[in-house]
Structures are given as C-alpha cells and as structure tokens.
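What follows is a short report on a single structure.
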Amino acid sequence: MKTETPTTFVIFGVTGELSRRRLIPALLDLFAKGLLQPQFRVVGFSRGAYSSEEFRKFVGEIAAAEGNRYSADLVEKFVGCTHYCQGAFEEKDAYMRLSDTLNSLDETEIKQCSNKLFYLAVPPAYYMNIFDNLANSGLTIPCGGREGWTRVLVEKPFGKDLETAQELEKRLSKLFQEEQIFRIDHYLAKETVQNILAFRFSNILFEPLWSNIFIERVEINLFEKFGVEGRGAFYDGIGALRDVGQNHVLQMLALVAMEDPKELDAVLIRRERAKALAALKLKEPVSADSLRRGQYAGYRNEEHVAPNSETETYFHIEAEVDNERWRGVSWVLEAGKRMAESKAEIRVYFKKTETCLCPPGVEHHHQNVLTFRVQPDEGISVTFWAKKPGFTTELEPQVLSFNYKDSLLDQRMPDAYERVLYDCIRGDQILFTSTKEVEVAWKFIMTVMKRWKDAPLMEYDGTI
Ligand code: BG6
C-alpha cells in the first residue's frame, strides 16, 4: 500500500553507521519495491561539510555496496532524490537552514506540502537538543493543514535509566503528540518476532496450552558472535542489559507473555505488551546462578573502552511474569556479544506428560519444545517425540519445521528497518514501543541492576 502524500525523510546523523548500514539501504529497497511515492526525498543532516555532489557520491557508494541487486538506472534515480543540509545538532540556525531546504524542495521539486519524517540516528545525548530545536523552529508543524504530517522516529536506547527515560518522555510529550512519536525497537519488526502474535492467536493448537498449566519455562537468547565492532565509545558504560536487554529481549518476552489484544490495533497491542512487562520480576530466590553477568576476554582492549571497564557484555537473568497465567514459569533471558555463534531464539518448553510409554528403566525426559528462530535461519519449529522405527519401543525427537526461506523462494526477507520506515509512513504504531512500555521495561531493568551490582563479572570466551 502506498500513501498518497509524498514523504521527505530527514535523517539526523546521516553519515553515521546506522544510516549507512541500515537506513539508506532500507530506503533504497523500499524505493525499488515501489513502496515510496516517486516524489519522495531524503535530506541528510549532519556536521560534516559535504557538498551536494559529495553527499550523493556517499549515497551512491552505499547503493553500490548492495552489488547488482538494483539497476544503475534505479540507483541513479534514488541518488537524485537525496539532498544534504550541514549543521550541528545544537545549532539553532542550522534548523532554519533545514527549514529553508525543506520548503524549497516542497515548492520546486515535490510541488506540494510533503510529509516530514525526522529520523534521529544520533547518540542519545543529542535527543533533547534535537527535539527542542525541531519544535522551536516550527519544523514539527505540518505545512499543509490536513494534508501532510510530521513524525519523529527515535532510536533506542531511550534514556539510560528510569529517571532519564522519564525526563525524555516528559519533554517529548510536551513537544509532540503521541501519534507523532515512533520509538524504534527494530526487533519488533523482525519477521519471526512479528509472527509470534499471528502464531499464538490464529492457531487453536497452542493457545489453550499457553500458560503455567502446560509450560515449564521459556528461554530467550540474543547471542552475537562479534564484539563491539568499533562501537566501544557508545557501548562502554551502557552494557548488554541496557543495549539489548531493556528493549529487544524484553519485547520478545512481552509478545510471548501478553494476553490476547483481540484486535490488530496499536493501542490494544501496546497496552497488552506493557501489562506483561509490568508483571515481570526477578525469580526468587535470586542466586549466583540465576543472575549472572560477564565480559568477553579482550573487551578492555577494544577501542574507546576503559582499561578497567566493568561493563557487562553478557547477562543471564531468571525472571517470572507474576500474573495468573504465568506464575511459577521460569523465563530465562540471556544475551551476549562474542558468543560461540550468532543466534536469536525463543524456546518454549512444555511440561512433560505425567506418564511415558518409554522402555522400562528409561528416564522420562520427553518434552515438547516450540522454537521461534528469530535469526539466522528464520522460522518456527516444534520438537515432538516419536517411536524409533524398527523392533524397538525407544523414542526419538522429531521436528516439525517452518522455514521462511522455503516460502520466500528466491525473494529476500525485508530488513527490519524497511518495515520500521514503511510503518512509520503509514502511521501504524504496532511495531513501535509506547511510553508505558519504555517505563515498565526500565523499572524491571533497574531492579536487575540493583540486585546484581555485587555479582562478579565473569570473563568468557565464546561460552559462559
Ligand atoms: C542493536 C544493539 O540495537 O541491536 C547492537 O545496539 C546489536 O549492539 C544489535 O548488535 C543487534 O541487532 P541485529 O538486528 O543485528 O540482531
């Protein structure tokens, strides 16, 4: 579905990693799929002194890195829709220049008042400055009355603790309406993660079993093989819990734990996710096994990392969703960098049957496991037990599996950032987090941080 009014994408921090690796490629792909209005424009905003030609060359190089996925003609058209505005995020005059650039594009190229989407791909320290300057310069007021909209897309981390998140929210809600604010958690836009709700609420097979009566534990992993990869300055002092725990891991948990929202509606879905997160607490009693943190060997030698850094690059948390549906079920949340493999997965372990038709003397360890494979090898699988073929009564595990790559055939899975940008244009906030979700997620994370501050920081190398 294409929206009628063209959109101008303003990217703050356009020369940074996020924009280079994900945003510009995502816009290019949306353009190639015909999902952007032909008059769409991209206006990059950054400190670097680029001329228009230099900026277009920069965009062209990003497009070239995609190989031969797009024709030269298409890339040229895309590059021709990009513009640059130079300025510091805290410089008031720069926003006047930006406003002039946008007005002149509307008048001369787009020939109508376009929607304005402001993407903050900048370190969180600049958020307040940008919000204030956007609002004070009038840039957030739509130019065409009912015609166009203005929206702001904010990357995580949203605050660095509960207090700073609440401060940011206070400021944001003064300057913008909630419908204008899109808080990104790109994990919500990953295909398998989006599929959790469809799977749970559109199949009678599992939903009746979805509670503490039949489920023993749920494990959620987000493992990455690589380390901080040049992001030491951002990561050090933030750590795994804030970087991926407060957001990606907890959002996956919320989707598995939440009640039926009854409708595919952003208000209802976000409300249910927030309720599930609000019921989250540490599993008691907390022990050295149930709450662990680690740091990969060599982390302290990374660029821009303090030589005596105490920042965790791994966490293991055993939690409980304290409500009628889930009380007693263990939720094991684990994430880390420099792990043996890159893998994000949600595994739901069902309780064992009371009896087992197993050969005499064999221990009954037969459990069904439902796995959402978020990445790589995206899909959903169910492990069940079957009799081994032949003259035996022994059981063996078998797997029923759905793999995205089979149903996509030769198509490529859309990147989560394409979905994020696309949904923002459509004004659909289902895949974005609400104020309430951010707040309750921080509340839980603050409890964890308090409880583990005395826990030893274990060094690991691949496994822990
Ligand atoms: C980001 C974190 O939000 O998510 C990174 O800041 C992490 O540290 C990344 O590597 C993981 O996302 P993905 O999509 O690569 O799994």
Side-chain angles (χ1 to χ4, degrees), residues 13 16-26 29 119-127 153-161 165 182-196 220-255 293-296 299 302-305 309 311-315 333-346 372-379 404 412-421 423 431-433 437-438 441-442 445:
E17 271 299 288
L18 177 69
S19 154
R20 204 193 317 243
R21 281 185 36 228
R22 306 207 79 163
L23 303 181
I24 294 178
D29 210 50
Y119 199 120
L120 273 64
V122 301
Y126 293 110
Y127 286 179
L153 268 152
V154 195
E155 266 293 331
K156 55 147 279 280
F158 207 73
K160 64 177 185 351
D161 51 27
F182 288 71
R183 298 173 199 79
I184 298 173
D185 184 325
H186 76 281
Y187 263 65
L188 281 174
K190 289 191 185 266
E191 276 294 339
T192 319
V193 177
Q194 287 184 58
N195 221 336
I196 297 172
I220 303 179
N221 302 150
L222 197 171
F223 294 152
E224 295 168 304
K225 207 169 170 178
F226 46 83
V228 289
E229 307 284 293
R231 289 169 73 228
F234 156 78
Y235 195 88
D236 202 36
I238 294 276
L241 187 60
R242 289 175 166 112
D243 182 40
V244 299
Q246 189 270 347
N247 34 73
H248 308 332
V249 172
L250 289 193
Q251 282 298 337
M252 290 194 270
L253 175 146
L255 291 168
R293 56 197 206 108
Q295 187 184 75
Y296 65 76
Y299 172 73
E302 299 273 15
E303 207 187 348
H304 303 304
V305 166
S309 173
T311 299
E312 84 286 349
T313 58
Y314 165 90
F315 65 79
L333 316 176
E334 218 182 347
K337 290 203 185 279
R338 278 282 163 77
M339 302 298 284
E341 57 180 336
S342 287
K343 182 157 93 175
E345 219 171 64
I346 303 167
F372 294 97
R373 298 190 310 274
V374 176
Q375 62 193 34
D377 188 24
E378 292 86 346
Y404 277 88
R412 189 180 139 267
M413 184 108 86
D415 182 73
Y417 276 90
E418 282 177 49
R419 186 60 200 242
V420 161
L421 288 161
D423 279 11
L431 304 182
F432 297 85
T433 53
E437 287 171 274
V438 172
W442 271 121
I445 296 298

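Counting starts at 1 for both ligands and their atoms, in listed order. None of the values given here were measured: they were computed from a predicted structure.
Within the structure, the side-chain hydrogen bond (donor to acceptor under 3.5 Å, both in side chains) test picks out the following pairs touching residues 233-244 (sequence neighbours left out): K156-D243, D236-Y299, D236-S309, D236-T311.
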Would you tabulate the side-chain donor-acceptor contacts of residues 337-346 under 3.5 Å, counting partners in other chains and residues two or more places apart, or write 'none'?
from: K337; atom 1: NZ; to: E224; atom 2: OE1; distance (Å): 2.9
from: S342; atom 1: OG; to: K225; atom 2: N; distance (Å): 2.8
from: E345; atom 1: OE1; to: R347; atom 2: NH1; distance (Å): 2.6

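None of F182, F158, Y187 except one satisfies the ring-ring contact (aromatic ring centres under 6.0 Å, His included) rule with F432; the exception is F182. Exactly one residue among V420, V122, L18 makes a side chain to side chain contact (heavy atoms under 4.5 Å, CB included) with E155. That residue is L18.
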Can you list every pair where an N/O of ligand 1 is under 3.5 Å from an N/O on the protein?
from: ligand 1; atom 1: 3 (O); to: K156; atom 2: NZ; distance (Å): 2.7
from: ligand 1; atom 1: 3 (O); to: H248; atom 2: NE2; distance (Å): 2.7
from: ligand 1; atom 1: 4 (O); to: H248; atom 2: NE2; distance (Å): 3.3
from: ligand 1; atom 1: 6 (O); to: K156; atom 2: NZ; distance (Å): 3.1
from: ligand 1; atom 1: 6 (O); to: R231; atom 2: NH2; distance (Å): 2.9
from: ligand 1; atom 1: 6 (O); to: D243; atom 2: OD1; distance (Å): 2.6
from: ligand 1; atom 1: 6 (O); to: D243; atom 2: OD2; distance (Å): 3.4
from: ligand 1; atom 1: 8 (O); to: R231; atom 2: NH1; distance (Å): 2.8
from: ligand 1; atom 1: 8 (O); to: D243; atom 2: OD2; distance (Å): 2.6
from: ligand 1; atom 1: 8 (O); to: K337; atom 2: NZ; distance (Å): 2.8
from: ligand 1; atom 1: 10 (O); to: E224; atom 2: OE2; distance (Å): 2.4
from: ligand 1; atom 1: 10 (O); to: K337; atom 2: NZ; distance (Å): 3.1
from: ligand 1; atom 1: 12 (O); to: H186; atom 2: NE2; distance (Å): 3.2
from: ligand 1; atom 1: 14 (O); to: H186; atom 2: NE2; distance (Å): 2.8
from: ligand 1; atom 1: 14 (O); to: K190; atom 2: NZ; distance (Å): 2.7
from: ligand 1; atom 1: 16 (O); to: Y187; atom 2: OH; distance (Å): 2.5
from: ligand 1; atom 1: 16 (O); to: Q375; atom 2: NE2; distance (Å): 2.7

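At least one side-chain heavy atom of H186 sits under 4.5 Å from a side-chain heavy atom of Y417.
The ring-ring contact (aromatic ring centres under 6.0 Å, His included) search around Y119 returns none, not counting sequence neighbours.
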